[in-house]
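Here's the structure we're looking at; comments come further down.
From a predicted model like this one, the values you see are computed outputs, not experimental measurements. Quick note: numbers below take in every heavy atom, side chains included, and nothing from hydrogens, waters or symmetry partners.
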Amino acid sequence: MIAGPYRSGADSDGERTENLLALNRVALRVWNLGHIPVVGVNLVLPIVDVAGQDRYSELMMPICLKLAERCDAVIRVGGPSSGADREVALIRDKGGIVFTQVEDIPPYHDRSDRI
């Protein structure tokens with residue numbers, strides 16, 4: 001999982017877009033190492049678009065945390081974010097690996113099971 005700020009510290013749509021772009025750039029680097037990257041925000045934002053922005057808080061963290069429960073590792077990127085910190089804590093508490101820089105993530109060479 002790629003965990004970092006989306007709305008935290010972002011006062012405008014442009015700043016949120018930049019935060020999401022930063023998360024997705026890390027996701028591509030993780031993919032290039034042979035892993036399956038997961039950015040929770042990418043999963044939840046389309047649901048929020050359908051449900052309405054007034055349901056953002058109801059949907060965002062609960063779905064992201066359920067997704068984090070299924071991840072083996074997390075990389076924490078970017079600035080302050082209580083939501084990202086909750087994802088990291090959940091993965092750490094279940095025995096998952098926590099990374100703080102992509103360079104520390106070992107490559108996964110068996111790509112036969114990756115679609």
Side-chain angles (χ1 to χ4, degrees):
M1 174 169 255
I2 318 309
Y6 170 63
R7 284 194 347 183
S8 295
D11 296 325
S12 69
D13 288 340
E15 289 172 316
R16 286 185 286 279
T17 298
E18 284 300 314
N19 283 345
L20 187 56
L21 185 58
L23 294 169
N24 285 320
R25 284 184 178 131
V26 173
L28 178 59
R29 293 179 66 195
V30 168
W31 169 260
N32 289 339
L33 289 168
H35 302 280
I36 303 297
V38 175
V39 178
V41 177
N42 285 336
L43 178 69
V44 183
L45 284 179
I47 299 169
V48 170
D49 285 345
V50 171
Q53 286 298 316
D54 59 319
R55 295 188 64 193
Y56 179 92
S57 295
E58 170 194 345
L59 297 166
M60 184 57 72
M61 281 317 302
I63 293 173
C64 286
L65 292 173
K66 284 294 187 183
L67 187 59
E69 288 176 2
R70 288 155 178 81
C71 293
D72 300 320
V74 61
I75 180 166
R76 176 63 167 90
V77 298
S81 169
S82 61
D85 292 342
R86 289 175 64 194
E87 292 166 347
V88 169
L90 191 153
I91 292 171
R92 178 182 285 126
D93 289 349
K94 71 180 198 92
I97 303 167
V98 178
F99 297 98
T100 56
Q101 47 189 5
V102 174
E103 295 76 20
D104 292 337
I105 301 173
Y108 183 75
H109 297 292
D110 179 9
R111 296 180 181 217
S112 63
D113 62 346
R114 195 167 83 168
I115 299 173

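- Closest of all the heavy-atom pairs between Asp54 and Ala51 is OD1-O, 4.1 Å.
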Side-chain atoms of residues 56-72: list all donor-acceptor pairs with protein atoms under 3.5 Å, sequence neighbours left out, distances to 0.1 Å.
unit_1: Glu58; atom_1: OE1; unit_2: Arg55; atom_2: NE; d: 3.0
unit_1: Glu58; atom_1: OE2; unit_2: Arg55; atom_2: NH2; d: 2.8
unit_1: Arg70; atom_1: NH1; unit_2: Lys66; atom_2: O; d: 2.7

Decide yes or no on side-chain contact (heavy atoms from CB on, under 4.5 Å) for Phe99 and Val74, but give the supporting numbers first.
CA-CA 6 Å; Phe99 297 98; Val74 61; over 6 Å; no

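- Rounding to the nearest 0.5 Å gives a distance of 11.5 Å between CG of Leu20 and CZ of Arg16.
- Taking both residues in full, the closest heavy atoms of Ala27 and Val39 are given as CB-CG2, 3.9 Å, listed atom of the first, atom of the second, then distance.
- Here the CG atom belonging to Leu28 is positioned 13.0 Å from the CG atom belonging to Leu23, to the nearest 0.5 angstrom.
- Rounding to the nearest 0.5 Å gives a distance of 11.5 Å between CG of Asn32 and CD1 of Ile105.
- Partners of Asp49 by side chain to side chain donor-acceptor pair (under 3.5 Å), not counting sequence neighbours: none found.
- Taken from CD1 in Ile2 to CD in Glu87, the straight-line distance is 10.0 Å, to the nearest 0.5 Å.
- Contact between Pro46 and Val41 at its shortest, heavy atoms only, is CD-O, 4.4 Å.
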Apply side-chain contact (heavy atoms from CB on, under 4.5 Å) to residues Leu21 and Arg25 and explain how you reach the verdict.
CA-CA 6 Å; Leu21 185 58; Arg25 284 184 178 131; 3.2 Å; yes

Which pairs would a plain distance check flag for residues 75-84, meaning a side-chain donor or acceptor within less than 3.5 Å of a matching protein atom at least two apart in sequence or in another chain?
unit_1: Arg76; atom_1: NE; unit_2: Asp85; atom_2: OD1; d: 3.0
unit_1: Arg76; atom_1: NH1; unit_2: Gly79; atom_2: O; d: 3.0
unit_1: Arg76; atom_1: NH2; unit_2: Gly79; atom_2: O; d: 2.9
unit_1: Arg76; atom_1: NH2; unit_2: Asp85; atom_2: OD1; d: 3.1
unit_1: Ser81; atom_1: OG; unit_2: Ala84; atom_2: N; d: 3.1

